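Read through the structure below, which is laid out as structure tokens, and then see the notes.
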Amino acid sequence: MIAHSVDDPFYYLHNFQQVLDWIELRYADLLDDQEQAFISQFRQQPQAARALLVRMVMRKGQLFRPSKLDYAEIGSTQAALAPLLALGWVVDDSPLSLEQLFQLLRKDELAQGFAERLERPRAAKGELLAQLQALELPPQPLQQWLPGFAEPIIELRLQALCDRLRLLFFGNLYQDWSEFVLADLGLLRYEQVAFSADSRALRQRSDIDVALALHQCAELLEQGVALEQVVGHIECLDSDNPWLLRRRSRLLYQLGQHSERLGDWPLALRIYPRSQHPQARIRHVRVLERSEQWAQAFELASQIARQPANSLEVQALARMLPRLQRKLGGPPQPRRAKPQVSLVELQLPAELAALGVEQAVQLHLGQGGGQVHYVENSLFNSLFGLLCWEAIFAPLPGAFFHPFQSAPQDLHDAEFHGRRSELFARCLGQLDDGSYRQTIRRHFVSKQGLQSPFVYWQVLSEELLEQALICLPPAHLKSCFERLLEDIQANRSGMPDLIQFWPEQQRYRMVEVKGPGDRLQDSQLRWIEFCAGHGLPVEVCHVHWAP
DNA sequence: ACCGTACACACACAC
DNA sequence: GGCGACGCGG
DNA sequence: GTGTGTGTGTACCCGCGTCGC
Ligand SMILES: [Mn+2]
Ligand SMILES: [Mn+2]
């Protein structure tokens, strides 16, 4: 599937052609005439022209100077360009804004070309731009900006089409064509899932359009376009595809946060109710509170408290409800019980501060016998990922559809566990009969280095793994893994900095380190609460620096 | 990992 | 001419 | 001093050339 970069100078072209073939085979019914035509015409072009086009597609932006497109395997850029210009896939007379011109030309070229119109031609490049921006010159072709400039500037007109193809192949827009070469070089290695030939990222053209439009809205948001306008755009976009809906909710949530930052509470109050983001309802209450609508805030908070959707909501409400009751003139609220956790106050020499608090405590605790590892979330998540490898990478319909996936598409759906409950039950069942150790060791070897949403290969040494398998009781692992499966997103974080093992006694403890001025985060509090409830040994260690 | 996702760290404010 | 930001390429 | 909320900074393959200062 992947062309080898070491012995094929056109490896990128062959990879691109593979993607076209893949799409033609599986997605033909989702392409329009223009897209179909591109795929078939592309094949008929000379190799040099095809290669140059792909090089341009892989580069940043759509505007280029031919002198910057100099590739040994392609040879003459001019010759390669001719067929692309004839087809209109590339044009060489696009109007350019002043800003675009400044991105393409060097400072000395601009200073020379605009010499008469610049007051201070020796200033910094950004200053030169500012001087010319004041003249409010409209976009125009290069030949009008700077008649007689040594080379043209060419524009690739196929970026939108190629984004669509990339979306179809990868099912997202954050992966790009460098995936192929990274995989070829062994820098990224993926599990080979035996998915069926009809497994596809997207099933209808309208979903593709929605995905592209959402991506565009995210870009508008980033560029700082008026929020009202972006919200209006998003509201028109609908789909029954769960990951598109999740994407939409996330974007609305971000818009809500932007509104908050601008102090636009009415807008935030309109946006948050439209988002299904796990924290959207809490933000809604919070904005009611910030805008001093305490009665409505209390009412909504009480309503959520009757049917909380997740543990984040429960936790946030425990803080907000007493506060709101006080605001409404209720009786003084009893102080919430602090979490049951053993606290250690530790005084360390200030020289160790350079290591960072976690490493300083790691060093200190290690002197008392019992090896200490700085693991945070990596240990428990890795053990989970190794034990449940087959369930996570099971070829369920629609979960896998291309060779570069590190996780199933529905990993963060509420139904992820339900759709695989049999498989996970089988994995977790191994914690009852002791066979889990062999499964974890087997996958540690056979899957070594393969991308996984749970396994942190760079942290998980064999020594750490063996100590963990000796010291961690299977019942503790089972509680932890069941909690993870209840809500992967929320429960995969918050685990303590350090873990200490005493293999001779089959004993361990976890230690969350807190330097001066630091405090437990919500996810860390929830982990500690979970540990208290299931008998997992965890401590919090406050560090003070000795003068 | 769809400018995200973990962390710690820096402020602010109310009690 | 040294330094950092950034884009590129395998 | 407590408890809260909010906004930052940092890291994601890595060596190399170009550009700007
Ligand atoms: Mn930590
Ligand atoms: Mn810590």
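What's counted below: heavy atoms across the whole structure, side chains too, no hydrogens, waters or symmetry copies. Keep in mind it's a predicted model, so treat the numbers as computed, not measured.
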query: Quick one: salt bridge (charged side-chain N to carboxylate O under 4.0 Å, His left out) partners of A:E313, sequence neighbours excluded?
result: A:R281
- prompt: Should the pair A:F169 and A:W22 be assigned to parallel (<30°), tilted (30 to 60°) or perpendicular (>60°) ring geometry?
  reply: perpendicular
- request: Shoot me the first and last contacting nucleotide of DNA chain C against chain A, ordered 5' to 3', at under 4.0 angstrom to non-hydrogen atoms.
  value: C:dG7 to C:dG10
message: With a 4.0 Å cut-off on N to O distance, would you call A:E529 and A:R526 a salt bridge?
response: no
query: When you look at A:D522 and A:R319, which way does the salt bridge (Lys or Arg N to Asp or Glu O under 4.0 Å) test go after all the steps?
result: CA-CA 11 Å; A:D522 284 358; A:R319 283 196 291 257; 2.9 Å; yes
task: Return the set of residues passing side chain to side chain contact (heavy atoms under 4.5 Å, CB included) with A:A399 (not counting sequence neighbours), or none when no residue passes.
output: A:L396, A:P408, A:D410, A:R420
message: Under 4.0 Å, counting only non-hydrogen atoms across every strand here, what does A:Y456 touch: a base, just sugar-phosphate, or nothing?
response: nothing
- prompt: Which is true for A:R55 with a 4.0 Å heavy-atom rule: it touches a base, it touches only sugar-phosphate, or it touches nothing?
  reply: sugar-phosphate
message: Under 4.0 Å, counting only non-hydrogen atoms across every strand here, what does A:G494 touch: a base, just sugar-phosphate, or nothing?
response: sugar-phosphate
field: Salt-bridge present (A:R290, A:E292; N to O < 4.0 Å)
entry: no
message: Any carboxylate oxygen within less than 4.0 angstrom of a Lys/Arg side-chain nitrogen, looking at A:R286 and A:E260?
response: no
- request: Could you check whether A:E219 gets within reach of a base, just the sugar-phosphate, or nothing at all, counting any heavy atom under 4.0 Å?
  value: nothing
- line: DNA chain B in dot-bracket form (Watson-Crick or G-U pairs under 3.5 Å, [ ] crossing, | inter-strand) is ...||||||||||||
Tell me which donor-acceptor pairs under 3.5 Å the side chains of residues 339-347 of chain A have, and how far apart each pair is, sequence neighbours excluded?
unit_1: A:E345; atom_1: OE1; unit_2: A:H544; atom_2: NE2; d: 2.7
unit_1: A:E345; atom_1: OE2; unit_2: A:H542; atom_2: ND1; d: 3.4

query: Distance between the C1' atoms of C:dG1 and D:dT18, in whole angstroms?
result: 15 Å
- prompt: Touch check for A:Q524, heavy atoms < 4.0 angstrom, all strands: base, sugar-phosphate only, or nothing?
  reply: sugar-phosphate
statement: Sorted by chain and residue number, the salt bridge (charged side-chain N to carboxylate O under 4.0 Å, His left out) partners of A:R492 (sequence neighbours excluded) come out as none
query: What does A:Y11 touch in the nucleic acid at a heavy-atom separation under 4.0 angstrom: a base, only the sugar-phosphate, or nothing?
result: base
task: Whole angstrom is fine here: how far is it from CG in A:D518 over to C1' in B:dC9?
output: 7 Å
query: So, for A:Y12 and A:P9, which heavy atoms are closest and what is the spacing to 0.1 Å?
result: CE2-O, 3.4 Å
- request: Compute the ring centroids of A:Y11 and A:H4, then answer whether they are less than 6.0 Å apart.
  value: no
List, with names and distances, any nitrogen or oxygen atoms from the protein found under 3.5 Å away from nitrogen or oxygen atoms belonging to nucleotides 16-19 of chain D.
unit_1: D:dT18; atom_1: O3'; unit_2: A:K68; atom_2: NZ; d: 3.3
unit_1: D:dC19; atom_1: OP1; unit_2: A:K68; atom_2: NZ; d: 2.8

message: With a 3.5 Å limit on both atom pairs, tell me what D:dC16 is paired to, counting Watson-Crick and G-U wobble, or say none.
response: C:dG7
Give each protein N/O atom lying under 3.5 Å from an N/O atom of nucleotides 13-15 of chain B, with the pair distance.
none

- prompt: Expressed as a whole number of Å, how far does the C1' atom of B:dC7 sit from that of C:dC3?
  reply: 30 Å
- prompt: B:dA1 P sits how many Å from A:H215 NE2, rounded?
  reply: 18 Å
query: Contact class for A:L182 (heavy atom, under 4.0 Å): base, sugar-phosphate, or nothing?
result: base
task: Check A:F384, A:F380, A:F530, A:F454 against A:F481 for a ring pair (Phe, Tyr, Trp, His ring centres under 6.0 Å) and give me the one that passes.
output: A:F384
- request: Give A:E109 one of three labels, base, sugar-phosphate or nothing, depending on what nucleic acid heavy atoms sit under 4.0 Å from its own.
  value: nothing
message: Check the phosphate of B:dC7 against A:N377, side-chain N and O only, distance under 4.0 Å to OP1 or OP2. Yes or no?
response: yes
- request: Evaluate the ring planes of A:F114 and A:W145, with Trp represented by its six-membered ring, and classify them as parallel (under 30°), tilted (30 to 60°) or perpendicular (over 60°).
  value: perpendicular
task: Summarise protein proximity over nucleotides 2-8 of chain D in one line of letters, 5' to 3': B for base, S for sugar-phosphate only, - for none, counting protein heavy atoms closer than 4.0 Å.
output: -SBBBS-
message: Work out how far the P atom of D:dT10 is from that of C:dA5, and round it to whole angstrom.
response: 10 Å
- prompt: For A:A301, what residues pass the side chain to side chain contact (heavy atoms under 4.5 Å, CB included) criterion, not counting sequence neighbours?
  reply: A:V285, A:L317, A:L321, A:L324
field: Contacts of type side chain to side chain contact (heavy atoms under 4.5 Å, CB included), residue A:D209, not counting sequence neighbours
entry: A:R164, A:R205
- request: Could you pull out all residues at least two apart from A:Q451 that satisfy side chain to side chain contact (heavy atoms under 4.5 Å, CB included)?
  value: A:L188, A:Y190, A:S406
- request: Name the orientation class of the two ring planes belonging to A:F404 and A:F180 (parallel below 30°, tilted from 30 to 60°, perpendicular beyond 60°).
  value: perpendicular
query: Hey, does A:E358 reach any base, or is it just sugar-phosphate, or nothing, if we go heavy atoms under 4.0 Å?
result: sugar-phosphate
